[in-house]
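Step one of this worksheet: look at the structure below.
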Amino acid sequence: MKVLVVGSGGREHAIVTAAAKSPRVEKIWCAPGNAGIAALAECVPIGAMEFEKLVAFAKERQIDFTIIGMDDPLVGGIVDAFEAEGLRVFGPRKNAAILEGSKAFSKDLMKKYGIPTAAYEKFHSPEAALAYLETAKMPIVLKADGLALGKGVLICNTLDEAKAGVKELMEDKKFGDAGNTIVVEEFMTGREVSVLSFVDGKTIRIMSSAQDHKRAKDGNEGLNTGGMGTFSPSPFYTDEVDAFCKEHIYQATVDAMAAEGRPFTGVIFFGLMLTEDGPKVLEYNARFGDPEAQVVLPRMENDMIEVMEACVDGRLDEVELSFMDNAAVCVVLASDGYPLSYEKGLPIDGLERFEGKSDYFCFHAGTKAGEDGRILTNGGRVLGITAMGADLKEARAKAYEATEWVGFANKYMRHDIGRAIDEA
Ligand code: AMP
Ligand code: GLY
């Protein structure tokens, strides 16, 4: 089988790594890919939003199966573009990717179908939002309706902050049209858990849980990022939480999408908050998390390609997922200054230390090959260092040990990934 993966980050490196393990896969291409992915796949210089070129490439190379890693192309309708040409592709169609693409849509869906989530109101004008905020309880959460690279969420402690937030999202249009509509949401407290799942339109299969660390600095200080590190499984995702979510959240979401005439095929990522009143949905994503994929996929015992094909063919009910009885931790090595401004193009040393080690992974997020063949930094998040261990503590110690194997001039990381493990 010939496989094409669309995307270029650490998540896509983890997807390509899992695909390469499948005995059914003879060759992998990745568009556009990165310097790490290039060791397993042939990278093609086509951007993830260049649908016509991607479709033409898939036809020309007779690609049997395409996997879309990223949210933007999914929300933009890449799956519809592939299907229109009779190509097999893993991911939700545009009318289902809206689950991630519009927060107003997903909140309305949850309300209509009784899926637990924070109370909210949505607004299409700044005047209406400001009038509502005058009497609202603080802190409060403002969310741009559309995609904003995970940065369109503002947590406001005071009325003044909330007013400034409305200006930023709706008047200054910091995230463009994503802020034409905003959702104003009740502030919730609790632990966050990321749960990824495979879905075939009707059936859902849950993967092992994970926890992300979204803030840039130790102690959850600093700005929100794409994610600075993860661990899996989450010790806070108990059997009781699992049973509650199975009863009230997972299948209910899949059924709601089908009932709306928007059957969802692909990965649903449930961002959950474990509140005092039980688990509630913070957000949905229509794809694997990054860096959640980097701790969940290495622990999956199934052939990922077989599971994805079962999703596309609508026979996921025949599949049971199985995960290793171990744990994984991923520590992201970023460029100092991320997520604001940072230097790129710096040489990376020590990458060869990961070769031939089955329980350590160096997932490339932002790298490129330099003219002399050396691998250079090429982004805010540069590498994701994942290690597996018998338990979370061992995995964490191994991941941090391996962060020392590689170096680049502006290397930055959080030192407290997985600290929550000690409180479990
Ligand atoms: P989202 O993109 O919706 O996951 O939001 C990004 C982050 O903002 C989440 O991971 C939470 O840490 C935080 N957040 C979002 N919504 C809420 C809420 N209603 N209450 C508290 N924190 C929230
Ligand atoms: N790590 C969070 C995300 O992928 O959205």
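Counting convention: from 1, in listed order, for ligands and their atoms alike. Predicted model only: the values in this text are computed from it and were never measured.
Nearest non-hydrogen protein atom to atom 21 (C) of ligand 1 is Met188 O, 3.1 Å. Considering only non-hydrogen protein atoms, atom 10 (O) of ligand 1 sits nearest to Glu192 OE1, 2.7 Å. Of all protein heavy atoms, the one lying nearest to atom 13 (C) of ligand 1 is Ile155 CD1, 3.8 Å. For atom 5 (O) of ligand 1, the nearest protein heavy atom (residue, atom name, distance) is Val153 CG2, 3.4 Å. Nearest protein neighbour of atom 2 (O) of ligand 1, counting heavy atoms only, is Glu283 OE1, 3.2 Å.
Each of Ile249, Thr117, Leu282 was scored for a side chain to side chain contact (heavy atoms under 4.5 Å, CB included) with Leu272, with one residue passing: Ile249. Partner of His364 under the side chain to side chain contact (heavy atoms under 4.5 Å, CB included) criterion, chosen from Val382, Asn378, Ile375, Ile348: Ile375.
Listed by number with element, the atoms of ligand 1 under 4.0 angstrom from any heavy atom of Lys143 are 3 (O), 15 (C), 16 (N). Taking a cut-off of under 4.0 Å to the non-hydrogen atoms of Lys214, the atoms of ligand 1 that pass are 4 (O), 10 (O). Atoms of ligand 1 lying under 4.0 Å from any heavy atom of Glu185, numbered from 1 in the order shown and given with element: 16 (N), 17 (C), 18 (C), 19 (N). Listed by atom number, the atoms of ligand 1 under 4.0 Å from Leu282 heavy atoms are 3 (O), 14 (N), 15 (C), 16 (N), 17 (C), 18 (C), 23 (C). Those atoms of ligand 1 that come under 4.0 Å of a heavy atom in Phe187, given as number and element, are 20 (N), 21 (C).
With respect to Lys122 and Glu185, no salt bridge is recorded, no charged nitrogen being found less than 4.0 Å from a carboxylate O. Here Asp172 pairs with Lys167 in a salt bridge; the nearest charged N to carboxylate O distance falls below 4.0 Å. Look at Glu309 and Arg88 and you find a salt bridge, because one of the NZ, NE, NH1 or NH2 atoms lies within 4.0 Å of a carboxylate O, short of that distance. For Asp391 and Lys393, the salt-bridge test fails: no basic side-chain N is under 4.0 Å from an acidic carboxylate O.
For the pair Met273 and ligand 1, the shortest N or O to N or O distance does not fall below 3.5 Å. The distance criterion of under 3.5 Å between nitrogen or oxygen atoms is not met by Asn224 with respect to ligand 1.
Protein residues having at least one heavy atom under 4.0 Å from any atom of ligand 2 are Asp212, Gly226, Phe269, Asn285, Arg287, Gly289, Asp290, Pro291, Glu292, listed by chain and number.
The backbone N or O of Gly179 lies less than 3.5 Å from no partner atom in the side chain of Asp145, so there is not a single donor-acceptor pair. A distance-only check finds no donor-acceptor pair linking the side chain of Thr230 to the backbone of Val295 [under 3.5 Å].
For Tyr113, there are no ring-ring contact (aromatic ring centres under 6.0 Å, His included) partners two or more places apart in sequence or in a different chain.
Ring pair Phe354/Tyr360 is perpendicular by interplanar angle, where above 60° counts as perpendicular and below 30° as parallel. The aromatic rings of Phe57 and Trp29 lie perpendicular to each other, with more than 60° between the two planes, well past the 30° mark. Between His248 and Phe244, the ring planes lie tilted relative to each other; the angle falls in the 30° to 60° range.
Heavy atoms of Asp212 found under 4.0 angstrom from ligand 1: none, in either backbone or side chain. Residue-level proximity to ligand 1 for Lys103 is carried by the side chain, the only part with a heavy atom below 4.0 angstrom.
Using a 4.5 Å cut-off on side-chain heavy atoms (C-beta onward), Met170 and Asn180 make no contact.
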